[in-house]
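Counting begins at 1 with the first residue of the sequence. Read the numbers this way: they start at 1 and go in the same order the structure lists the ligands and their atoms. A quick note: this is a predicted structure, and the numbers were derived from the prediction, not measured.
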Amino acid sequence: MENVKSEQLFNRAKRRIPGGVNSPVRAFGPVGGHPFFVERAQGPWLFDADGHRYLDYVCSWGPGILGHAHPQVVEAVQRACAGGLTFGAPTAGEVELAELINACVPDVEMVRLVSSGTEAVMSAVRVARGFTGREKIIKFAGNYHGHSDGLLVKAGSGLMTRSEPDSAGVPAGYAADTLTAVYNDGESVRALLEENYGQVAAVVVEPVAANMGVVPPEKGFLEALRRMTKEHGALLLFDEVITGFRLGLGGASAYTGVHADLYTFGKIVGGGMPLAAYGGRRDIMFCVAPLGAVYQAGTLSGNPVAVAAGIATLKILMDDTGIYERIDRRAQTLSEAYRKAGLVVNRAGSLLSAFFMPDRDVCGGETVSGVAGEEQERRKQARQVENYGDACRCDRKAFADYFNRMLAHGIYVAPSPFEAMFVSDAHSDGLIEKTCEAVAACVRGG
Ligand SMILES: *Cc1c(COP(=O)(O)O)cnc(C)c1O
């Protein structure tokens, strides 16, 4: 494929923008090669600077649940633009969006609008600390909550007892207040809560994890978090920046039946514009300035153009009751194609990930036939992805090969093995069928 223009743009970009991109994963690091530069997008398609068309399963990493440039959303944005881009004063739209969020997720009794998911989680954590008067938080290895200092923390070598910054420039002191537990392992949380008795403000979790690939919560895991946080006087914070309005209108709390104290939203809630939100229990949100002592503000918060995109998107999702059934069914069809191709698939609603897990036969260097029952079981386990450790065992080279073959077939999946595949309402049954055929060819190396 000719990629002359994208290559030229990338070379120019690298001279003025670190790595040539404004967010690292866009640089195609894990899959090699150069990123294509997008010229425009419509429905399920991306069109690049060299005139290629790609079927897009990244959907801007989540916002694009309706496909690109949905006419009603675009019209709402254009109308808002014509009335002024930003005022720094309240508007009716902000009230309407807050009411719509509450209508979809009743646990969110009060809500603040901000401009990015990072800002939403950072602010919600501050509120949790302000409300409880405690300083520590617990997060999970492999969950992503944006790039604020206190949340860019990974489990250190002494897993669960020591945390290290996951980025240069994050002071060790920040990391020290962020404790890291193991996803789907309630006991790891209990241990941290007990070791840090009376000091934990919140447990922050992706209720369905989607930033180490998709990893759904095992039965009982979120319930255990709910129970333990209550027992310990800590708040439960569901980071629904991906799952909000994705797993259904009610997000993960409706999907799993477990209810948090605080929630964060982003991606879909902004309809493709820079908008995110945090909210939850009224008594907790009363801590936020100007009502309370927790300061949080934003020049562009509740931006009228972004709000218009959010309202238009949520209204479409609320009016067209068939959307979630359609995208979930299509994601299931894709899941089956990946499974048939021999991959390990995790799916929740229209979010899915296919993991290139080491072959059972290869794992351990001996064939499965002839190993004892217990060992058989361990190896079967090895082909499930339930936490970050599991996800990290995937075959990155095999993924990169598959990614590049898919791209050559005109299909764009996330350029990293640790990202979800997003199905939008613009992915028709016919396109899903074509994708399944491509999967069969590309996983096997066709
Ligand atoms: C994307 C994401 C964020 C960060 O949102 P940005 O808008 O990229 O800052 C936070 N939490 C989760 C779960 C996310 O997926």
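The contact shell of ligand 1, taken as protein residues with any non-hydrogen atom closer than 4.0 angstrom, comprises S116, G117, T118, Y144, H145, G146, E206, N211, D239, V241, I242, K267.
Pairs engaging residues 284-338 under the ring pair (Phe, Tyr, Trp, His ring centres under 6.0 Å) rule: none recorded [sequence neighbours left out]. The ring pair (Phe, Tyr, Trp, His ring centres under 6.0 Å) analysis of residues 210-252, with sequence neighbours excluded, yields the pairs F140-F221, Y183-F221, Y197-H232, F238-Y263, F245-F265.
Aromatic rings of F399 and F355 (six-membered ring for Trp) have centroids beyond the 6.0 Å cut-off, not under it.
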*asked:* Apply side chain to side chain donor-acceptor pair (under 3.5 Å) to residues N102 and E109 and explain how you reach the verdict.
replied: CA-CA 6 Å; N102 168 261; E109 295 173 326; over 6 Å; no
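In terms of modelled atom types and a separation under 3.5 Å, the side chain of R134 and the main chain of R129 share no donor-acceptor contact.
In terms of the ring pair (Phe, Tyr, Trp, His ring centres under 6.0 Å) criterion, H52 has no residue partners (sequence neighbours excluded).
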